[in-house]
Amino acid sequence: MDALVIINRGGGRADDGSADRVRQALATAGVAADVVEVEGKDLAERAAKAVTAGVKLVVAAGGDGTVSAIAGALADSAATMGVIPLGTLNHFARDLGIPADLDKACALLGAGRPRRIDLAELNGRIFINNSALGLYPLMVMDREAQQNRLGRSKLLAMVVASVRALARFRHHRLSLTVNESLKRIDTPLLFVGNNDYRLDIGGAGQRDSLNGGRLCVFVMGPHGRLGLFAVMLRVLFGSARPGDMVQLDDVQRLRLDSHRSYLTVSLDGEICQQKPPLDYRVRPKALTVLAP
């Protein structure tokens, strides 16, 4: 078996007919591959088994969480990863130039070129997009609870979650070791990205490169509630100003320490509890992907 497509059974836009649609799109594109459906918790294990079996191309069919889990299993291996975007946002696929259309994404598996890209890591766990601590993870948890309980749209739930988080926010006092330099900060939000993220209106939240070999670290300065609310709205709606978030330059390694026993952290959209210190690092050219 030279190619395997792994569909996250419960992720993103995947449904009972996804496997059949993917098989049809692959057949139309002339791409020979086995297609399997896997529960989200088993994605990394299934991908790792494929690598051990010598599969040359492992395709992640799902959203960013699916891609992140499979990328972690393929890191520094001889296998190449393909992506079929079946998620809600598909930020990783967008930044690589992979089309959201199913037929075009499957055609790319036969026509794309392998590229070496960077991965990022937190305490040994791979992520493809970004991680954050402070206000953002709390907002995500509140947003998901509203969507599940009340059926609210993602945008409306996020706005409500933002207001609630700001009403009870606290600054995090952190010790940062950037590469080899130590500093202490108070911040309501710290963001760590796999390569540089844009904050300009035309491309907010996007990356122009995934092989720059560095972490993108933004730190929000201390604000009162009204000032912080204005900053958060600008960031959420892609109109952030240069002074809203301070970027730390040329970061390959970052250690965050805190007096707290655990920190709530987002990792490619998933919320988890991490015991400090938090050790971030970039892994240059650790993954081969098919892209335009």
Side-chain angles (χ1 to χ4, degrees), residues 2-6 8 40 42-85 87 90-98 108-109 112-132 177-180 191-197 206-217 248-256 265-270 272 274 277-292:
D2 288 334
L4 175 68
V5 178
I6 302 175
N8 184 350
D42 299 322
L43 290 167
E45 181 181 359
R46 186 65 183 87
K49 287 181 178 178
V51 172
T52 301
V55 176
K56 296 179 181 178
L57 175 63
V58 181
V59 181
D64 287 321
T66 301
V67 176
S68 187
I70 293 176
L74 269 59
D76 296 318
S77 75
T80 297
M81 187 177 75
V83 178
I84 297 176
N90 305 307
H91 287 157
F92 182 76
R94 176 204 62 196
D95 292 343
L96 279 175
I98 296 171
L108 181 63
L109 298 177
R113 298 195 309 176
R115 291 170 49 187
R116 300 290 293 184
I117 65 166
D118 304 336
L119 296 173
E121 182 182 285
L122 167 59
N123 289 356
R125 181 174 170 180
I126 292 291
F127 62 97
I128 55 169
N129 290 334
N130 56 66
S131 173
T177 304
V178 181
N179 299 328
E180 304 300 329
F191 173 96
V192 182
N194 175 23
N195 281 272
D196 283 340
Y197 274 76
Q206 299 181 26
R207 291 167 287 184
D208 294 328
S209 171
L210 278 164
N211 59 4
R214 60 176 174 252
L215 299 173
C216 176
V217 182
L248 306 183
D249 295 327
D250 198 27
V251 181
Q252 284 83 43
R253 301 183 69 95
L254 175 70
R255 168 171 280 207
L256 308 179
V265 181
S266 69
L267 208 61
D268 283 341
E270 179 184 339
C272 59
Q274 292 281 334
L278 308 185
D279 284 310
Y280 289 94
R281 69 177 179 125
V282 66
R283 292 177 55 173
K285 299 183 179 179
L287 182 69
T288 303
V289 297
L290 285 180

So, T66 side chain and A60 main chain: donor-acceptor pair closer than 3.5 Å or not? no
Which pairs, with at least one residue in residues 64-84 and sequence neighbours excluded, count as a salt bridge (Lys or Arg N to Asp or Glu O under 4.0 Å)? D76-R283
Residue set satisfying side-chain contact (heavy atoms from CB on, under 4.5 Å) with N195, at least two apart, ordered chain then number -> D118
Applying side-chain contact (heavy atoms from CB on, under 4.5 Å) to V51 and not counting sequence neighbours gives L74, S77, A79
Kindly write out the residues that satisfy side chain to side chain donor-acceptor pair (under 3.5 Å) with N179, not counting sequence neighbours, or none if the list is empty. none
Could you tell me which residues satisfy side chain to side chain donor-acceptor pair (under 3.5 Å) with R116, sequence neighbours excluded, listed by chain and number? T288
Just jot down the side chain to side chain donor-acceptor pair (under 3.5 Å) partners of T52, sequence neighbours excluded, or say none. none
Would you please name every residue forming a salt bridge (Lys or Arg N to Asp or Glu O under 4.0 Å) with D250, sequence neighbours left out? none
side-chain contact (heavy atoms from CB on, under 4.5 Å) against D268, all qualifying residues, sequence neighbours excluded: S68, F127, I128, N129
Residues that E270 engages under side-chain contact (heavy atoms from CB on, under 4.5 Å), provided they are two or more places apart: R125
K49: what forms a salt bridge (Lys or Arg N to Asp or Glu O under 4.0 Å) with it, not counting sequence neighbours? E45
Just to verify, what does D95 make a side chain to side chain donor-acceptor pair (under 3.5 Å) with, not counting sequence neighbours? R207
Sequence neighbours left out, what passes salt bridge (Lys or Arg N to Asp or Glu O under 4.0 Å) with D42? Give chain and number order. none
